[in-house]
Each structure stands twice: as structure tokens, then as C-alpha cells.
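In what follows, residues are counted from 1 in the order of the sequence shown. Excluded from the calculations below are hydrogen atoms, water molecules and symmetry mates; all remaining heavy atoms, backbone and side chain alike, are included.
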Amino acid sequence: MRQRRGQDEPDAGTIAIAALSYFATEPKTMSRFFALTGLDPTTLRDAAASPSFLAGVLDFVLADEKVLLAVAAAQETTPDAIVRARQALERRRSAPPVEDGPSAVDDGWPPRPHDDWA
């Protein structure tokens with residue numbers, strides 16, 4: 001049985017995009033995000049088209065408790081809601097492809113922390 005997201009809880013994409021907006025208000029956080037991902041302001045838009053980009057944004061948020069707490073506060077949500085959003089993205093990614101629809105593909109983006117993040 002599928003568990004439904006609470007009506008007051010935004011979806012994972014909304015949380016990830018709001019996290020990026022928060023990064024833009026915090027130059028140190030944005031610089032760290034760019035350094036760890038290899039992105040810059042000119043490549044961010046192209047990267048955002050990748051199916052796994054949102055998961056990478058949430059991975060970045062979850063990797064640093066200070067960032068997690070700040071993003072949660074900025075979105076007026078809880079850290080647990082961000083964890084659930086990341087889990088929801090993982091479930092979508094690991095779900096079997098839907099016939100005649102897009103499939104979740106591991107396109108290698110973003111690099112996972114255990115792969116090549118310092």
C-alpha cells in the first residue's frame with residue numbers, strides 16, 4: 001500500500017528547489033555546493049535538467065546538519081520532512097519503469113558523496 005504524503009508536506013522537488021533558493025542567500029553554502037558538485041552559476045540550469053539532480057541537492061543538505069537545520073527553518077518544515085523527501089526520490093528512482101513512460105535512469109549525476117565528494 002502506498003503511503004500518501006501529508007497535505008501540508010511539500011513534495012521532494014519543491015523542497016530541493018527551495019533548498020537551492022536558500023543556498024543563494026548564503027554565499028558560503030552556495031560556494032560549497034558548487035565546489036562539491038563541480039557546478040557554477042552558468043552550468044546549474046543544465047544540471048538541473050538531470051533526473052537525479054534533485055536527489056543530489058537533498059543529499060548535499062542532508063550531509064551537513066547545520067545546512068539541514070537552516071534549510072528546514074527557511075522552509076518552515078522539519079528536518080524529518082527533508083529526510084522523507086529524499087527517501088521518496090529514492091523510491092521513485094528504484095521503482096520499476098512505467099511502460100510507455102519515462103524511466104528512472106542513473107545518469108551519474110550528481111556524484112554521490114561516497115564516489116568523489118571530498
Leu62 side, atom CG; Gln87 side, atom CD - distance, nearest 0.5 Å = 9.0 Å
Nearest 0.5 Å, what's the CD-CZ distance between Glu26 and Arg32?
-> 13.0 Å
Answer yes or no: is there a side-chain heavy-atom contact under 4.5 Å between Leu36 and Phe60?
-> yes
With a 4.5 Å heavy-atom cut-off, do Phe53 and Leu44 have their side chains touching?
-> yes
Expected output: side-chain Thr43 to main-chain Leu39 donor-acceptor under 3.5 Å = no
Taking all heavy atoms of Leu54 and all of Leu89, pick out the closest pair and write down the distance.
-> C-CD1, 3.9 Å
How far apart are the closest heavy atoms of Arg91 and Arg84, and which atoms are they?
-> NH2-O, 4.5 Å
Not counting sequence neighbours, list each pair that qualifies as a salt bridge (charged side-chain N to carboxylate O under 4.0 Å, His left out) and has a residue in residues 36-53.
-> none
For residues 13-24, please give each side-chain donor-acceptor pair under 3.5 Å, one per line with the distance, not counting sequence neighbours.
residue, atom, partner, partner atom, Å
Thr14, OG1, Asp11, OD1, 2.6
Ser21, OG, Ile17, O, 3.3

Sequence neighbours left out, what passes side-chain contact (heavy atoms from CB on, under 4.5 Å) with Ala72? Give chain and number order.
-> Thr77, Pro79, Ile82
